[in-house]
There are 2 protein chains.
Amino acid sequence: MDNPADHGDEARSEIDRKVEPARADTGTLGKAIAVLDIVASADEPMRFTDILALSDQPRGTLHRQLSNLVEEGLLSLGRDHSYSVGIRLLKFAARAWAGNQFRVIAEPHLRKLHDLTGETVHLGVLRGNEVIYLDKVESRQAVRMYSQIGNASPVYCTGVGKAGLSALPDAELQAVVASIRFRRFTDSTLVTPDALLREIEEIRASGNAYDREEHEPGIRCVAAPIYSADRSFVGGLSVTGPAYRISTDLLESWAVLVRDAARGIMDDMGARLGPRT
Amino acid sequence: MDNPADHGDEARSEIDRKVEPARADTGTLGKAIAVLDIVASADEPMRFTDILALSDQPRGTLHRQLSNLVEEGLLSLGRDHSYSVGIRLLKFAARAWAGNQFRVIAEPHLRKLHDLTGETVHLGVLRGNEVIYLDKVESRQAVRMYSQIGNASPVYCTGVGKAGLSALPDAELQAVVASIRFRRFTDSTLVTPDALLREIEEIRASGNAYDREEHEPGIRCVAAPIYSADRSFVGGLSVTGPAYRISTDLLESWAVLVRDAARGIMDDMGARLGPRT
DNA sequence: AAATTGTGTTCCGAATATTGGAACTTCAAT
DNA sequence: ATTGAAGTTCCAATATTCGGAACACAATTT
């Protein structure tokens with residue numbers, strides 16, 4: 001989303017000396033959020049020293065940042081001095097979710113796609129080199145509600161992620177791919193930039209991305225990209241299911257349905273956003 | 001959660017000149033989050049001038065704060081210059097939810113209570129004069145997933161809210177009640193501090209709070225308080241249902257079930273947290 | 001029991017980011 | 001074209017953050 005080649009004014013010629021690529025200057029706030037992100041990215045509560053090791057701030061500074069975050073309810077401090085993400089963020093997120101126009105517009109299309117396939121449908125957007133899931137429609141709802149929503153997964157081994165990548169302008173695509181730290185989740189995971197870029201080409205040609213058990217063994221999906229006219233916004237949707245139930249042929253037969261849904265969402269977004277031009 | 005009479009050191013005798021009660025000093029971060037909160041509390045996207053009117057910051061300052069929030073992904077800026085809450089918060093919230101020990105511990109008890117009553121069960125915590133819902137178990141899950149979770153509702157007209165209030169130490173209770181701006185939602189809504197405090201007394205005596213169509217017409221609930229040993233943490237759980245299906249008698253017959261569930265959760269929390277002393 | 005190490009917290013001058021008024025730019029409407 | 005409203009940028013004054021070092025406190029070792 002951070003288009004590095006933006007703001008092409010001529011009035012600023014010498015400012016861009018710092019070639020340091022995607023480092024936005026958000027001052028004090030940015031540093032605080034970076035700390036928050038460290039805590040949020042951990043799988044379990046972290047203690048002060050753990051955070052100190054990951055953050056490159058001096059002790060005193062980090063301590064004040066953490067105190068402020070706790071005071072604001074963005075973090076919570078357990079009696080054993082462990083920090084975890086605060087529930088105040090739930091309030092913010094509930095608003096973000098309910099008010100998200102993209103999600104609202106997409107919802108009926110997700111339902112329809114679910115009705116047609118009977119399998120789980122996901123909606124997600126790109127954020128850096130992660131995909132964040134915005135919504136999910138599945139049959140056996142009973143289990144866990146939040147589950148996938150809000151989850152951040154890697155771009156390079158998820159259907160939605162690869163679909164999103166395929167919709168990026170080349171410059172951005174290169175930047176994102178360069179920022180990935182590949183990790184092998186299964187035997188099929190793509191673990192090199194080249195393999196990923198080659199697959200992006202295929203996706204651009206066919207209009208569909210596949211996840212062939214690349215993230216979780218036994219889980220397959222078909223996805224298609226969704227984007228705004230100027231590509232300032234990029235995401236995707238997918239149909240996911242267990243390999244034992246979904247043959248490769250069946251998966252491919254759904255490809256056109258997923259593309260149609262993506263097209264429908266983009267049309268609706270255009271109708272909603274277009275007139276405002 | 002902000003205990004005003006904390007940190008009773010003797011080393012600080014003259015610092016507390018500012019009697020300005022519950023104003024924490026979280027510096028730049030606090031101001032930024034206040035802006036975020038303004039946007040999050042609105043029902044629809046706000047434009048710059050709208051925010052300017054609610055924030056007491058000068059134009060230039062507010063503009064930078066908004067820009068930083070957007071840059072960090074906490075807000076998103078539409079092409080029509082409207083600000084809305086950013087999806088990056090979803091990632092944080094997903095972690096906050098999944099990692100919240102209280103919620104994890106409470107979950108089986110919520111399910112059991114749902115099985116016993118067949119109606120919707122809510123779990124929430126107090127934050128200031130709002131209650132934030134952490135979890136929900138309901139029968140017809142098919143509708144909307146996020147729905148209530150993360151929602152912030154007033155303390156004074158919800159079962160969980162009043163239950164929580166009843167568990168607060170008197171000093172805090174007074175402070176919270178004083179901060180409430182009462183609003184009439186239905187004919188039954190309590191709209192004065194006195195009426196509320198009187199009801200808190202009853203709740204303390206009986207161990208149960210009721211919402212008798214005080215927030216939404218046609219919706220009733222029974223709740224019970226949950227708190228940590230030192231009351232540093234206060235919340236509640238409730239069983240909610242439509243008035244046409246739930247007679248007052250039926251509601252009262254569930255009171256003991258709700259209390260039992262609350263007791264069970266507190267026991268489990270003690271077992272989990274106690275040994276760590 | 002005394003010493004030691006590991007963790008977390010507080011303090012304060014120096015460095016830096018924020019502030020806020022005013023000037024500047026768009027864009028829409030008259 | 002002209003006006004007005006809305007949004008954006010600029011820069012010196014100021015308040016905040018920074019970060020090293022000293023301080024508490026607890027757990028562990030000698």
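Computed from a predicted model, the values in this text were never measured in an experiment. Every chain is numbered from 1 and lettered A, B, ... according to where its sequence line falls, protein lines coming before strand lines.
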Q | Rounded interatomic separation in angstrom, taking CD from Glu71(A) and C1' from dT17(D) | A | 17 Å

Q: Starting at atom CG of Leu69(B), determine the distance to atom P of dT18(C), rounded to an integer number of angstrom.
A: 12 Å

Q: Remember a base hit wins even if backbone is also touched, and classify Thr49(B) as base, sugar-phosphate or nothing at under 4.0 Å, heavy atoms.
A: sugar-phosphate

(Q) From NZ of Lys31(A) over to P of dT16(D), roughly how many Å is that when rounded to an integer? (A) 16 Å

Q: Provide, to the nearest angstrom, the distance between the CG atom belonging to Leu62(B) and the P atom belonging to dT9(D).
A: 14 Å

Q: Round to a whole Å and report the spacing from OH of Tyr83(B) to C1' of dG7(D).
A: 8 Å

Q) Of the nucleotides dT9(C), dT8(D), dG19(D), which has the atom closest to the Pro58(A) side chain? A) dG19(D)

Q: Figure out the CD/P separation between Gln57(A) and dG19(D), and round it to whole Å.
A: 7 Å

Q | Minimum-distance nucleotide to His63(B) side chain [options: dG8(C), dT8(D), dG20(D)] | A | dT8(D)

Q) Nearest to the side chain of Thr61(B), which nucleotide is it out of dG19(D), dC18(D), dG20(C)? A) dG20(C)

Q: Mind running side chain to side chain contact (heavy atoms under 4.5 Å, CB included) on Glu107(B) and Ile265(B) for me, showing each step along the way?
A: CA-CA 9 Å; Glu107(B) 189 180 326; Ile265(B) 293 170; over 6 Å; no

Q. After noting the C-alpha distance and the side-chain angles of Phe92(A) and Arg88(B), does the key distance pass the side chain to side chain contact (heavy atoms under 4.5 Å, CB included) rule?
A. CA-CA 10 Å; Phe92(A) 291 140; Arg88(B) 186 179 186 187; over 6 Å; no

**Q.** Protein-nucleotide distance (Leu29(A), atom CG; dT19(C), atom P), rounded to Å
**A.** 11 Å

(Q) How many whole angstroms separate atom CD1 of Ile51(B) from atom P of dG7(D)? (A) 9 Å

Q) Is any side-chain N or O of Ser67(B) closer than 4.0 Å to OP1 or OP2 of dT8(D)? A) no

Q | Nearest-neighbour nucleotide for the His81(B) side chain, dG20(D), dG7(D), dT17(D) considered | A | dG7(D)

Q: Give me the one residue out of Val125(B), Leu168(B), Val131(B), Leu165(B) that meets side-chain contact (heavy atoms from CB on, under 4.5 Å) with Val234(B).
A: Leu168(B)

**Q.** Thr28(A), nearest nucleotide to its side chain (from dT19(C), dA17(C), dT16(D))
**A.** dA17(C)

Q) Quick one: the side chain of Arg59(A) and the base of dG19(D), do they pair up donor-acceptor inside 3.5 Å? A) no

**Q.** Which nucleotide in dT8(D), dT18(C), dG8(C) has an atom nearest any side-chain atom of Arg64(B)
**A.** dT18(C)

Q.
Between Leu77(A) and Asp56(B), which residue's closest nucleotide on DNA chain C lies nearer the 5′ terminus?
A. Leu77(A)

Q: Mind telling me whether Phe233(B) and Phe102(B) have parallel, tilted or perpendicular rings, with 30° and 60° as the class edges?
A: perpendicular

(Q) One thing to verify: whether Lys91(A) and Glu130(B) come together as a salt bridge, which I'm taking to mean a side-chain N less than 4.0 angstrom from a carboxylate O. (A) yes

Q: Using a 4.0 Å heavy-atom cut-off across all strands, classify Arg47(B) as base, sugar-phosphate, or nothing.
A: sugar-phosphate

